[in-house]
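Some notes on the structure that comes next.
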Amino acid sequence: QVRLQESGPGLVKPSQTLSLTCTVSGGSIITSYYYWNWIRQPPGKGLEWIGYIAYNGDTYYSPSLKSRTSISRDTSKNQFTLQLSSVTPEDTAVYYCARDIGSTGWVAHFGSWGQGTQVTVSS
């Protein structure tokens with residue numbers, strides 16, 4: 001039902017800020033109890049949860065990334081965004097947005113995913 005689409009630059013230089021947008025259709029990002037997440041998968045590695053913005057605007061980030069992470073939203077566009085600052089090549093990954101209902105906190109159970117977008121950090 002709900003559809004999510006990631007967009008943003010595929011190449012970011014080290015020390016700069018990675019910025020991605022997730023556009024949601026078929027559902028509203030302010031619908032109660034929906035949590036809108038960012039997840040990434042580095043090459044050859046598993047999925048890593050980055051953080052979420054909740055239906056009410058609350059945010060929560062992975063402890064390992066929170067100092068560099070900001071998730072925000074534009075409700076008029078039904079979009080939410082990821083900003084990851086001070087990036088290094090270790091931030092190279094496929095980045096996904098996904099919806100969780102009720103904040104299960106379990107990535108494997110997120111019901112709706114975008115297709116993912118490759119972001120490479122390189123000079």
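In this chain, residues are counted from 1 in sequence order.
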Nearest heavy-atom neighbours spanning Val94 and Gln118: CG2-OE1, 3.4 Å

Minimal heavy-atom distance between Thr92 and Pro43, with the atoms involved, is O-CD, 3.4 Å

Side chains of Ser15 and Ser86: does their closest heavy-atom pair fall under 4.5 Å? no

Within a strict 4.5 Å, meaning less than it, do heavy atoms of the Leu4 and Ser112 side chains meet? yes

Between Arg99 and Tyr34, is NZ or CZ placed under 6.0 angstrom from the six-membered ring centre and within 45° of the ring axis? yes

Heavy-atom count check: over 12 atoms from other residues, nucleotides or ligands less than 6.0 Å from Leu11 CG? yes

Minimum heavy-atom separation for Phe80 and Cys97, please, with both atom names. CZ-CB, 3.6 Å

What are the two closest heavy atoms between Leu47 and Ile39, and how far apart are they? CB-CG2, 4.0 Å

If two hydrophobic side chains count as joined below 4.5 Å and joins carry through other members, does Ile30 share a cluster with Val24? yes

Regarding Gln5 and Thr23, do their side chains bring together a donor and an acceptor under 3.5 Å, going by distance alone? no

Within this structure, what is the CG-OG distance for the pair Asp58 and Ser103, rounded to the nearest 0.5 Å? 10.0 Å

Is the distance between the ring centroids of Trp36 and Tyr52 under 6.0 Å? no

Linking I/L/V/M/F/W/Y whenever any side-chain heavy atoms sit under 4.5 Å apart, do Ile101 and Tyr55 land together? no

Close side-chain approach of Phe110 and Trp49, heavy atoms under 4.5 Å: yes

Side chains of Thr69 and Leu82: does their closest heavy-atom pair fall under 4.5 Å? yes

Can you hop from Ile71 to Leu18 via hydrophobic side chains spaced under 4.5 Å? yes

Given Gln41 and Glu48, is the side chain to side chain contact (heavy atoms under 4.5 Å, CB included) satisfied, shown in steps? CA-CA 6 Å; Gln41 186 169 35; Glu48 179 185 19; over 6 Å; no

Measure the spacing between CD1 of Ile29 and CG of Asp74 and express it to the nearest 0.5 Å. 7.5 Å

The reported gap from OG in Ser122 to CG in Asp91 (rounded to nearest 0.5 angstrom) is 12.5 Å

Report the distance from atom SG of Cys22 to atom CZ of Arg73, rounding to the nearest 0.5 Å. 13.5 Å

Donor-acceptor check, side chain of Arg40 to backbone of Trp38, threshold 3.5 angstrom: yes or no? no

Are side-chain heavy atoms of Pro14 and Val121 found at a separation under 4.5 Å? yes

Are Ile53 and Tyr60 joined in one hydrophobic group, where the rule is that I, L, V, M, F, W and Y side chains link up if heavy atoms are under 4.5 Å apart? no

For the side chain of Asp100 and the backbone of Gly111, is there at least one donor-acceptor N/O pair under 3.5 Å apart? no

Does the side chain of Asn37 come within less than 4.5 Å of Trp113's, by heavy atoms? no

Under a 4.5 Å cut-off applied to non-hydrogen side-chain atoms, are Val119 and Pro9 in contact? no

Is it true that the side chains of Ser72 and Thr81 contain a donor and an acceptor less than 3.5 Å apart? yes

Please round to the nearest 0.5 Å and tell me the distance separating atom CD of Gln83 and atom CG of Leu20. 10.0 Å

When rounded to the nearest 0.5 angstrom, what is the spacing between CG in Leu84 and OG in Ser67? 9.0 Å

